[in-house]
Amino acid sequence: IKQADLIAYPSYAEYDELKDKIAYYNGLSRDNIFLSTGSGACIKAVLEVTMNRGYNIVSPNPSYPMYGIYGKIFGGEHISVPYPNSQTYSLDNLINKVNDKTRLVIISNPNSPIGDYKSIDELKKVCSFLKEKNIIFLIDEAYVDFCPKTVLPLIHEFDNVVISRTFSKAFGAAGIRVGYLLGDPKIIKTITKVQLTYPLSTLSVKFACYLLDNISEVKKYVEDTIRDRDLLCDMLENKGYDVIRSHTNSIHFHEGQGNNSKTIKKLKDKGLAFKSGDMSTGTPVKIPGDKRETWIRLSVGPKINEIIKKII
């Protein structure tokens, strides 16, 4: 870090350097990359170029809530596709919600908070349907590193598909606020028209480049997280908990018999950070198809199974 990094505006040469590293990492070119301050801002930019009064966006629910909020900011309507009484949503239901006013369909893959995942083969039907109707399909891959496989090859087959990524999850750098879009150069060029003049600081660009130059460390962290996430699920199930396995870096679990109050107290007493449907707070944490509102949602990382084992 140098003084010039703080007193001067970022240079577009540095932006291009980051784009080139992202492109190399994903097997693409610089023209396929859009940069912004986190994947949330990238998603917002897509909504800015697609939404207007009278148009709508379609997405599953529950999911990242800002999809609908951003859509409404730009005058659009949000059409949510609820989960049925199961832990995965229906792509057929998603398609059936699309109408002649739809300009954008968004999914998280894997989805959050449930953690379910759709394969390339499953998504091709949606891609084809939306391409025929000239509708953009945005696939949010914030948690892609923790799932079986990216659906990135879809952008080579369908020019209406855009994929969003972030440095906030597997790369462990939420504080640098760096996200990017991957897509056909024509779409990327259109979205770039609403990009901020200097979307990223020089410090953020340098650190993102540093992470990509040391990608082996990121991959090791991801491998350890996936391994210990699954070991934690095994352990909890063996102890009688109901567990919602996930393709993200978080899981849901609940006492098989009880309202989770004993487990919540143990975790709080040890100072762990987690989200819970604590009955005393009145904030429910629910799972589709289950009536209980006191589930625990826990972010996971390497050795999380050893930590939880000592507590519960």
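Given the structure is predicted, the values throughout are model-derived calculations rather than measurements.
Side-chain contact check for Asp31 and Ser29: no donor-acceptor pair (N or O, by modelled atom type) lies under 3.5 Å. With 3.5 Å as the limit, one finds no donor-acceptor pair spanning the side chains of Ser86 and Thr88. In this model, no donor atom of one side chain and acceptor atom of the other lie less than 3.5 Å apart for Tyr143 and Asn111. Counting only N and O atoms by type, the side chains of Thr166 and Arg177 include no donor and acceptor under 3.5 Å apart.
Heavy atoms only, all atoms of each residue included: Asp145 and Ala170 are closest at OD2-CB, 3.3 Å.
Leu196 and Leu47 fall into different hydrophobic clusters, where Ile, Leu, Val, Met, Phe, Trp and Tyr residues are linked whenever their side-chain heavy atoms come under 4.5 Å apart, directly or through other members.
Side-chain contact between Leu138 and Ile43: present, with at least one pair of heavy atoms (C-beta onward) separated by less than 4.5 Å. The shortest distance between side-chain heavy atoms of Leu272 and Ile308 falls below 4.5 Å. Inter-residue side-chain proximity for Arg245 and Asp234 is flagged as met; some heavy-atom pair is nearer than 4.5 Å.
In this structure, Ser108 contributes its side chain and Pro110 its backbone to no donor-acceptor pair below 3.5 Å. Although no hydrogens or angles enter the test, the distance criterion places a donor-acceptor pair under 3.5 Å between the side chain of Ser119 and the main chain of Glu122.
The side-chain tip of Arg103 points at the ring of Tyr55 from less than 6.0 angstrom away and within 45° of straight on. Lys19 forms no cation-pi arrangement with Tyr24, by the criterion of a distance under 6.0 Å to the ring centre and an angle within 45° of the ring axis.
A salt bridge links Arg292 and Asp242; the closest N-O separation between the charged side-chain nitrogens and carboxylate oxygens is under 4.0 Å.
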